Each structure stands twice: as C-alpha cells, then as structure tokens.
**Q** 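Below is the structure I would like to discuss, written out as structure tokens.
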Amino acid sequence: MEYEEAKQKIVDELTKKGKTKSKFYFNDLAKILEAKPRDAKKIVNKLVEERVLEYWSSGSTSMYGLPGTGKQAHSEGED
Amino acid sequence: MAKHETPMLDQLESGPWPSFVSDLKAQAEKRAKNEEGINFQIPVDVVDDLLGVLELSYKHGRTHWKHGGIVGVFGYGGGVIGRYCDQPQQFPGVAHFHTMRVAQPGGKFYTTDYLRQICDIWDMRGSGITNMHGSTGDIIFLGTTTPQLEEVFFELTHNMNQDLGGSGSNLRTPADCIGQARCEYACYDTQDLCYDLTQEYQDELHRPAFPYKFKFKFDGCPNCCVASIARSDLSFIGTWKDDIKIDQEAVQAYIGGELPPNAGAHSGRDWGKFDIQKEVIDRCPTECMWMDGKTLKIDNRECTRCMHCINVMPRALRIGDERGLSILAGAKAPILDGAQMGTLIVPFIEAEAPYTKIKEEVIEPIWDWWMEEGKNRERLGELMKRQGLQRVIEVLGVDPDPRMVQEPRHNPYIFWKEEEVEGGFDRDINEFRKYHQR
Ligand code: HEM
Ligand code: HEM
Ligand code: SF4
Ligand code: SF4
C-alpha cells in the first residue's frame, strides 16, 4: 500500500471511531491497514514521526491515537 | 518542618525495616535546605507533596494518581511513563510526576563518577528520587514535569552517552548478569550478547508495536543471578555439553578442610566439618555423583547442570569447555493465570558474535508469531499456553525434544498431524483385515 493511501485510511478510520474510542492498540492499526505487523510497523512509525499519530502509554501498555484525542478527560467521558 | 501532616505514613516508620517514608522525608528536607545550591527546575517541594498525596490516598482509601499519558521524548514510544496527580491544587509539586527509565550499563557496572552525574541531572531536573533498579533491571527516575523530559534526555544522550530504556508494549531494557567480567561460571559473554541485541533491536526497544511488554534477560550459567528463567519472555542461560572438569586433588582439599566450601560464603557460623556425601553427593538432584574410593565420579550424561556441586566446590569442579546457552520462553508475573517460569525451547545453541542463528532462528520467528497471533496485552507465555508447545515448535521449525517436556502426560490433547505420520492416515484395509476381524 502507498504511504499516502495508508495514512488516509488510518486518519479516516480513527476519526470515524473517534466518537467512542480515542486510543488504539497497534494490532487495531495493523488490521485497518490489512498489513502484516512488520509492514504495518514501518507505516505506523512514519505516522508518528510526522505527528499524524501520537503514543499513549499506561506504563505497561502502549497505544496510539490522533494527536490531542487521548486526553484523560476524554477517556473519563467528560470533555 | 514538614509541609503536610502525615500521621499514617509516620506510623510506617515504626516497623523494623528501613522505611521509604524516612528516605522521602530526608530527601524533602535536603531539597528544602538546598545546601548545594542546585538550580531546581521542578518544584522544590515535589517530595513533600508526594508524601502529602500518599497520606491523602491512605486516608481516602483510593488513589489520587491518574493512569498513563501521552508524554514522551520525540521519536520514542517508550522510556517515559506519564503520571499525573488528580489533586493538583492541593499538591502542585506532583501535578506532573512522570517516570523516566534509563538503560542500565551491562552487568550494572558503574563508576562512582557516572552515578554522581546521573544523580546531579536528576536532582536538578527531577525529584531526585530514584529506584535502583526497577524489576526490569533499569535505572528508574521517579517524578519530573513534562518540560524537563527532553532536557533530561538531551543531557543523558549528549553528555553521558546514555540511552533511555524500554516501557510499554516494546522490548524492555535487556538485563544481564556480570558474566565473564567477574565470574568464572559464565558459559558465554552475557554482556556482549546483551549489548549486541540491544543495538540490533533499537526499533523494537523504542517504538512499541508488540501486543505487550517483552523482556530479554541473560544469565551466564544456571545460577541465574538475574533470574532470567522467571522474569523474561526470552531467557538466555549459559550451559555446556561436555563434562564437568574435576580436580581430584582439590576435592581432597575440600574433604580435608583445607579449602572452605562455597568459597567461605557460609563461614559466618560453625556448620561442623565439611561432609562431601551429605553436602554435595546426596544433594545432586539427578543422583549422578559418587565417590569411588578417593575419586569423585560424575555420570555427566545424567547431570542437568544445576550448579550445586560447582557452587560448593568451585576450586575442584569447573564448567565444561563446549559452551553455549539454552533458551527458555514465556516466563511472566501473575496478572493472567498466575506466575509462570520459562519453558525450554532451545536446549543448546552456540553463543558467538554476531549471533545470527539466535536472531534469525529464534528471536525473530517468535516475534513474528506473537505479533500476528498474540492478543492485545497477551504475554508470550500466555500465547504459548493458549496455542501449546506444539505450536511453538512449529514456529521455530525444530524437532520436538524430550528436554522440552517439563513433565510427561500433562496434556492428553496433543495429536499427530497427517504429514507427521509415515504413510499418512490412509491404510490398506485388506492388510488391516488380515489381523483384525470386522
Ligand atoms: C493501586 C495502585 C496501582 C496498581 C494496582 C498498579 C499496578 C501496576 C501494574 C500491574 C503494572 C504493570 C507492571 C509491569 O508492567 O511490570 C504497573 C506499572 C507501572 N506503574 Fe503502577 N500501579 C499502581 C499505582 C501506581 C502509581 C501510583 C504509580 C506512579 C505514581 C505507578 C507507576 C507505574 C509505572 C511507572 C509502571 C511501569 C512499570 C513497568 O512497566 O514495569 N503505579 N502498575
Ligand atoms: C497405547 C495405548 C493407549 C493409549 C495411548 C491410550 C490413551 C488414552 C487417552 C489419552 C485417554 C483419554 C484420557 C483422558 O480423557 O483424560 C484414554 C482414555 C481411555 N482409555 Fe485409553 N489408551 C490406550 C489404550 C487403552 C486400552 C488398551 C484400553 C482398554 C482396553 C483403554 C481404555 C480407555 C478408557 C476406558 C478410557 C476412558 C477413560 C475415561 O473416560 O475416563 N485405553 N486413553
Ligand atoms: S548467572 Fe552464573 S555466570 Fe552469571 S554471575 Fe551468576 S553465577 Fe556468574
Ligand atoms: S551440576 Fe548438579 S546435576 Fe550436575 S553433577 Fe553437579 S549437582 Fe549433580
């Protein structure tokens, strides 16, 4: 998949799901991209580098989200 | 004078052991006095507020920390763990209280100069509170604010040639025993393998894309000083294939009392005269040792290299010469299904740089499998349990080996596949009927 196409797919999908969910596991992203983990990782790394995605970490688990969506208030249902 | 009243924490100090409360109070006071004239970049009363919020949590019986966060240094998905207090007005010093993880040097060899330098950075840019070391093995810096994260990272990398470690769903900071640097039991160079894999897998360490955490640990011998067998998803334990080397004269010196058993480690009290039968031979778990007159014999085929005899008589018994390591997979702490020790998946593999076989035939196939089939937040050991050892063997493309079996007949649901059976599942019915009536 072309990078730009992949980016669009991720942004569209995460925006669509954004009403109920702000943080996504790596596996969710790989599924959206319909790619093997290693290939998905190359794309996801680049998306983070370009700040299309940002990391969220609990300390033991990492997740991904569109910038600014993973706010605490949001996950607590209060924004 | 303490900023907050902490009667419940004070009570903790009355126990018999050193108390973290006393340590935190000492640190709070040290910051308040600031005799060294440190140019504090985060609130001077961060430690007072930490004590305050903890006291409040005890009072309320609930935590006042929020969970997780977006913070990190640019380009890294691990190494920083966001922590925020949910009472920032009352405890502004800990409104942000992020954790940073710093990769510890191989074997935890430090110079005092190095320790001073990291403490200086952390006194100025953080709370000064450290955890040496976290259960992953790394240096943990506890408590700083968001703007200081890049500053600390810059100083560590530029002035100290020091990287952050792992956290979250990535490869955690690999940890090793002191190995050949100090220990004659080491069957391979733990520090070299640890460093090599750390460099090779930088992307896995800093950019999380695993289902959950993944740990490598390296022990030079089965004494397992870093407890790799219990604490890592892939545990590399040194071993040997040939015979334990015996110096019969030294055996006699232990028997005669000229050499202290365990190199004198238990000499603090009088255990009586050393008794090789009781203390070594009878304690061999495989019962493969005996005295033949004045000669100590070992049936090396039966020896499981438990290290007991070597630990007791290090001058008389030495590890063999055909050295390498065993790889065990799937150890983990409780959360799901209880704690689990590693399962042997590679009985013996050579450990010579550049370690190509270890990387390409063990680590990477395991990762590919786990990344594809592991559920979110499923540790390797849980996937192994869910899909079975048979699947692990398939993934590695190796033949099953009796040494992988922890106890026989544990699981009756392991079935032959057609391609594993000579002639497949079709049979010649006429041939069959010659022996069996309808
Ligand atoms: C009742 C309260 C808490 C519980 C039950 C809890 C539980 C846990 C668990 C199960 C983990 C995963 C351990 C691991 O990945 O090895 C973890 C990780 C962590 N926790 Fe907590 N935690 C609590 C409070 C806190 C607080 C108050 C802080 C800091 C202010 C904190 C900081 C961390 C950090 C930095 C990690 C990452 C450690 C790691 O990944 O190894 N936790 N916690
Ligand atoms: C090499 C020969 C055999 C093997 C490998 C074998 C294996 C097994 C296994 C794996 C089970 C299932 C155990 C379980 O459900 O936990 C089983 C059950 C059973 N086997 Fe065998 N078996 C063998 C020979 C025999 C023979 C010769 C008989 C009787 C003449 C027999 C009678 C039974 C019975 C009655 C059960 C059911 C037990 C129950 O439901 O609790 N087996 N066998
Ligand atoms: S694990 Fe073995 S080799 Fe490593 S330090 Fe301990 S005794 Fe020595
Ligand atoms: S290493 Fe352990 S199993 Fe091997 S001979 Fe010594 S005591 Fe026995």
Side-chain angles (χ1 to χ4, degrees), chain A residues 1 3 6-7 9-10 13-14 17-18 20-79, chain B residues 65-86 88 98-101 134-136 140 142 166-172 202-204 206-215 332-333 335 364-365 367-379:
Chain A
M1 194 184 322
Y3 173 69
K7 177 158 124 185
K9 234 174 156 175
I10 291 276
E13 202 58 29
L14 264 51
K17 292 187 174 152
T20 50
K21 210 169 151 186
S22 62
K23 304 190 213 41
F24 297 82
Y25 286 107
F26 176 80
N27 270 348
D28 304 333
L29 303 184
K31 243 179 244 142
I32 295 172
L33 293 170
E34 296 169 84
K36 293 229 167 228
R38 263 175 209 268
D39 301 323
K41 183 165 183 186
K42 288 190 195 118
I43 299 171
V44 170
N45 278 351
K46 203 160 167 206
L47 289 170
V48 172
E49 212 176 291
E50 291 191 359
R51 305 195 187 223
V52 176
L53 289 177
E54 71 184 4
Y55 294 116
W56 179 93
S57 169
S58 73
S60 62
T61 312
S62 309
M63 300 181 86
Y64 296 79
L66 297 173
T69 56
K71 295 253 158 60
Q72 191 77 22
H74 186 96
S75 66
E76 288 165 5
E78 291 184 335
D79 47 355
Chain B
W65 296 106
K66 303 180 185 184
H67 195 219
I70 298 167
V71 293
V73 296
F74 187 64
Y76 279 28
V80 175
I81 301 141
R83 288 289 180 265
Y84 300 89
C85 175
D86 73 5
H98 310 319
T99 299
M100 297 188 82
R101 300 196 142 180
S135 40
T136 307
I140 301 189
L142 289 162
S167 70
S169 309
N170 65 11
L171 175 62
R172 298 305 182 81
Q202 281 286 299
D203 191 56
E204 283 73 9
H206 297 307
R207 284 167 278 280
F210 287 150
Y212 202 16
K213 69 180 97 171
F214 195 96
K215 300 177 183 176
K332 59 172 206 80
I335 307 194
E364 289 161 26
W367 278 349
D368 283 343
W369 170 52
W370 178 55
M371 286 176 77
E372 254 178 71
E373 300 189 30
K375 297 181 185 174
N376 294 329
R377 307 201 52 163
E378 182 173 54
R379 288 288 286 272

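These figures come from a predicted structure and were not determined experimentally. Numbers restart at 1 for each chain; the letters A, B, ... are given by sequence-line order, proteins then strands.
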**Q** For B/Phe74 and A/Glu49, which heavy atoms make the closest approach, and how far apart are they?
**A** CZ-O, 3.6 Å
**Q** Got a second to check how far A/Lys23's NZ is from B/Ile70's CD1, nearest 0.5 Å?
**A** 8.0 Å
**Q** Roughly how far apart are B/Met371 CE and A/Phe26 CZ, rounded to 0.5 Å?
**A** 5.0 Å
**Q** Indicate the atoms forming the closest heavy-atom contact of B/Gly168 with A/Ser62, along with that distance.
**A** CA-OG, 3.3 Å
**Q** For B/Arg83 versus A/Ser58, what's the shortest heavy-atom pair and its separation?
**A** NH2-O, 2.8 Å
**Q** Tell me, do B/Ser169 and A/Met63 make a side-chain contact under 4.5 Å, heavy atoms counted?
**A** no
**Q** Name the region of A/Tyr55, side chain, backbone, both or neither, that has any atom closer than 4.5 Å to a heavy atom of chain B.
**A** both
**Q** Could you check whether any side-chain N or O of A/Lys41 sits under 3.5 Å from a backbone N or O of B/Arg207, counting only pairs where one atom can act as donor and the other as acceptor?
**A** yes
**Q** Given side chain to side chain contact (heavy atoms under 4.5 Å, CB included), test B/Asn376 with A/Asp28 step by step and report yes or no.
**A** CA-CA 9 Å; B/Asn376 294 329; A/Asp28 304 333; 3.9 Å; yes
**Q** For chain A, find which of B/Gly75, B/Gly77, B/Ala209, B/Gly78 contributes the most heavy-atom pairs closer than 4.5 angstrom.
**A** B/Ala209
**Q** Considering all heavy atoms of both residues, which atom of A/Ser60 and which atom of B/Tyr212 are nearest to each other, and what is their separation?
**A** O-CE1, 3.2 Å
**Q** So which of B/Val71, B/Asn170, B/Asp203, B/Val80 has the largest heavy-atom pair count under 4.5 angstrom toward chain A?
**A** B/Asp203
